[in-house]
K.L.:
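Let me give you the structure first, and then I'll get to my questions.
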Amino acid sequence: MAFNQVRQFQQGYVSANTNIGVSVDSISQIYSGIIQLNLIGSTGLAGVCTDNSGNIYTTDALQHIVLKITESGNIIIIAGLAGTSGNNAGNTVTAANARFNYPTGICCDRNGDLFVCDTKNHQIRKISNNKVSLIAGATTPTSGTADGVGSAARFNTPYDVDIDPSGILYIADTYNHAIRKIVGGTVSTIAGAKGTPGDYPQWPDMTTAQGVLGTAARFRNPYAVAVNGLGYIFVSDTLNNVIKRIDPAGRVRIFSGSGVFGTTIGTAKTSQYQDLKFSDIDKSDDLYIIDFNESGVSRLLRINEEGVPGTVIDFATSLPAGGPYLASVTTNPASKLIVVLSEYTEEEYSSSSSSSIDSSSSSSSSGGYSSSTSSSSSSSSSN
């Protein structure tokens with residue numbers, strides 16, 4: 001991967017309900033070749049994506065806003081009001097009048113439209129032409145498990161969204177322990193049993209390379225999804241400490257991870273993860289994923305076609321104690337990495353406290369990618 005020079009953006013807030021104060025600092029060159037965005041003064045999670053022009057979009061969960069960072073470093077709020085949560089009751093509103101409640105995952109389609117997990121409103125929303133509309137979920141902040149069209153569908157704290165080249169949205173419906181998709185406004189469940197956590201399949205269950213049919217699979221707080229150009233979906237099965245893969249036929253298999261909480265880097269079957277977060281796939285079909293733990297061990301990992309991880313950066317050795325923390329990762333159209341750092345502490349859950357509740361090689365039949373074309377090559381990258 002060809003890296004660009006570091007650009008570090010510092011994002012700060014004058015106060016919770018007034019304008020943003022922005023400063024650009026290029027002094028710190030800690031991460032050679034990575035664009036670094038710091039969210040200073042916010043303790044919220046942050047999703048990130050880019051459009052085909054290289055603009056960066058990021059959510060700020062606790063400030064309840066969506067930000068745009070241009071290539072020149074200008075940072076603006078494009079939707080929401082800083083420090084103010086709310087719900088627009090399913091109405092289409094101007095971006096300035098939009099209200100979110102803890103927005104997290106975000107992705108961008110080839111037209112430049114944005115799709116956002118409005119997490120605590122249990123909704124998926126769209127930002128297009130300075131308007132924000134409801135794609136799916138109840139018009140009031142109501143969780144549930146129903147499939148259906150638009151506002152008839154229900155989610156439970158969805159954390160991440162990604163989009164494939166054909167425009168199908170994939171959702172990590174985190175507290176429903178399921179992976180959902182949206183096609184033409186209709187929500188269906190492609191993997192997991194809504195409302196039922198579990199850890200199937202495990203490695204001993206893998207009698208074939210294909211895995212198990214999607215609705216027979218079980219997840220435990222799946223946090224993030226990333227889809228490549230042929231529709232293979234990679235899921236951060238966070239509280240099971242593994243990465244699972246869903247193929248285009250809807251079959252689920254373990255892709256990487258032993259299922260044991262830890263930091264060991266080994267083979268696909270022996271490597272350990274702590275608290276898998278946002279991820280993205282580059283044009284070479286390498287999976288970049290954040291493995292975060294509030295004790296200070298925060299890693300950006302690159303996982304090859306065989307499910308074998310390697311450490312890109314161990315942020316525990318680079319960042320000061322107490323944060324900021326590695327929050328999100330994406331690749332831009334030039335296949336350059338963008339990482340988001342935030343001063344957040346995870347307020348929802350962590351693997352360590354909730355575990356009682358979870359250079360590329362060639363593709364193989366036992367779990368590799370099946371495409372050399374990732375979604376980032378035909379549509380903009382996501383979390």
Side-chain angles (χ1 to χ4, degrees), residues 45-52 56-59 66 103-119 123-127 135-137 155 157-174 176 178-185 187-192 214 219 222-238 243-248 250 252 255 276-283 285-290 303 327-333 335 337-338 340 369-371 373-383:
L45 287 167
V48 65
C49 68
T50 65
D51 63 19
N52 288 325
I56 303 169
Y57 300 89
T58 183
T59 58
V66 180
T104 53
I106 186 171
C107 66
C108 185
D109 69 11
R110 64 183 65 202
N111 298 317
D113 294 332
L114 299 170
F115 299 87
V116 179
C117 287
D118 194 357
T119 300
Q123 296 174 338
I124 307 301
R125 302 178 74 183
K126 179 179 180 179
I127 304 173
I135 297 297
F155 301 95
T157 321
Y159 265 93
D160 195 24
V161 57
D162 201 4
I163 191 167
D164 73 9
S166 67
I168 297 174
L169 293 171
Y170 296 91
I171 315 297
D173 194 0
T174 303
N176 269 332
I179 307 303
R180 321 283 293 279
K181 74 175 180 181
I182 305 176
V183 182
V187 178
S188 60
T189 302
I190 62 172
F219 301 89
Y223 190 93
V225 289
V227 59
N228 72 6
L230 287 186
Y232 284 78
I233 307 160
F234 298 84
V235 180
S236 297
D237 193 0
T238 300
I243 301 165
K244 288 180 179 172
R245 188 198 73 181
I246 308 171
D247 71 18
V252 182
F255 178 67
L276 293 163
K277 298 294 189 187
F278 289 126
S279 61
D280 196 23
I281 300 173
D282 70 8
K283 291 181 179 180
D285 272 347
D286 282 329
L287 177 69
Y288 289 86
I289 196 164
I290 292 167
I303 301 175
S328 195
V329 62
T330 192
T331 58
N332 69 9
S335 286
L337 283 178
I338 298 167
V340 176
Y369 298 111
S370 298
S371 166
T373 306
S374 98
S375 60
S376 60
S377 66
S378 54
S379 65
S380 299
S381 49
S382 74
N383 323 354

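This one's a predicted model, so the numbers in the text were calculated from it and none came from an experiment. The first residue in the sequence is number 1, and the count goes up from there.
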K.L.:
So, using side-chain hydrogen bond (donor to acceptor under 3.5 Å, both in side chains) as the criterion, who are the partners of S166 when residues are at least two apart?
P.N.:
D164
K.L.:
Do side-chain atoms of D109 reach the backbone of N111 as a donor and acceptor pair under 3.5 angstrom?
P.N.:
yes
K.L.:
Excluding sequence neighbours, so at least two apart, what forms salt bridge (Lys or Arg N to Asp or Glu O under 4.0 Å) with K181?
P.N.:
none
K.L.:
Of all the heavy-atom pairs spanning T58 and G47, show the shortest one and how long it is.
P.N.:
OG1-O, 2.7 Å
K.L.:
For A172, is there any backbone N or O sitting under 3.5 Å from a side-chain donor or acceptor partner on D160?
P.N.:
no
K.L.:
Counting distance only, does the side-chain N/O of T330 pair as donor-acceptor with the main-chain N or O of I338 below 3.5 Å?
P.N.:
no
K.L.:
Take Y232 and I281 through the side chain to side chain contact (heavy atoms under 4.5 Å, CB included) test and state the conclusion after the steps.
P.N.:
CA-CA 11 Å; Y232 284 78; I281 300 173; over 6 Å; no
K.L.:
Quick one: salt bridge (Lys or Arg N to Asp or Glu O under 4.0 Å) partners of R125, sequence neighbours excluded?
P.N.:
D118
K.L.:
Could you measure the distance from the CD1 atom of I246 to the CD1 atom of I190? Nearest 0.5 Å is fine.
P.N.:
4.5 Å
K.L.:
Write down the atom of F278, the atom of A224, and the distance for their closest heavy-atom approach.
P.N.:
CA-CB, 3.8 Å
K.L.:
How long is the span from the CD1 atom in I303 to the OH atom in Y288, to the nearest 0.5 Å?
P.N.:
11.0 Å
K.L.:
Mark yes or no for whether T238, through its side chain, and P222, through its backbone, hold a donor-acceptor pair below 3.5 Å.
P.N.:
no
K.L.:
Considering non-hydrogen atoms only, spot the tightest contact between N52 and R110 and give its length.
P.N.:
ND2-O, 3.4 Å
K.L.:
Say you draw a straight line from OG1 of T59 to CG of L114; how long is it, rounded to the nearest 0.5 Å?
P.N.:
10.5 Å
K.L.:
What pair of heavy atoms forms the shortest contact from A46 to S328, and how long is it?
P.N.:
O-CB, 2.9 Å
K.L.:
Backbone N or O of Y159 within a donor-acceptor pair of the T104 side chain at under 3.5 Å?
P.N.:
yes
K.L.:
Say you draw a straight line from SG of C108 to CG of D162; how long is it, rounded to the nearest 0.5 Å?
P.N.:
11.0 Å
K.L.:
Please report the interatomic distance CZ(F155) to CG(N176), rounded to the nearest 0.5 Å.
P.N.:
9.0 Å
K.L.:
In sequence, state the C-alpha distance, the side-chain angles, and the governing distance for F115 and K126, and then conclude on side chain to side chain contact (heavy atoms under 4.5 Å, CB included).
P.N.:
CA-CA 5 Å; F115 299 87; K126 179 179 180 179; 3.8 Å; yes
K.L.:
Between the side chain of T119 and the main-chain N/O of P158, is any donor-acceptor distance below 3.5 Å?
P.N.:
yes
K.L.:
For residues F255 and K244, determine if any side-chain heavy atom of one lies less than 4.5 Å from a side-chain heavy atom of the other.
P.N.:
no
K.L.:
Applying side chain to side chain contact (heavy atoms under 4.5 Å, CB included), run through V48 and I56 and close with a yes or a no.
P.N.:
CA-CA 7 Å; V48 65; I56 303 169; 3.6 Å; yes
K.L.:
Any chance you could measure T50, atom OG1, to D280, atom CG, to the nearest 0.5 Å?
P.N.:
8.0 Å
K.L.:
How close do T174 and Y223 get, heavy atom to heavy atom, and via which atoms?
P.N.:
OG1-CA, 4.1 Å
K.L.:
Would you sort out whether I106 and C117 count as a side chain to side chain contact (heavy atoms under 4.5 Å, CB included), showing the intermediate values?
P.N.:
CA-CA 6 Å; I106 186 171; C117 287; over 6 Å; no
K.L.:
Between T331 (side chain) and L337 (backbone), is there a donor-acceptor pair under 3.5 Å?
P.N.:
no
K.L.:
As a test of understanding, state which of V225, I243, I289, I290 forms a side chain to side chain contact (heavy atoms under 4.5 Å, CB included) with S236.
P.N.:
I289
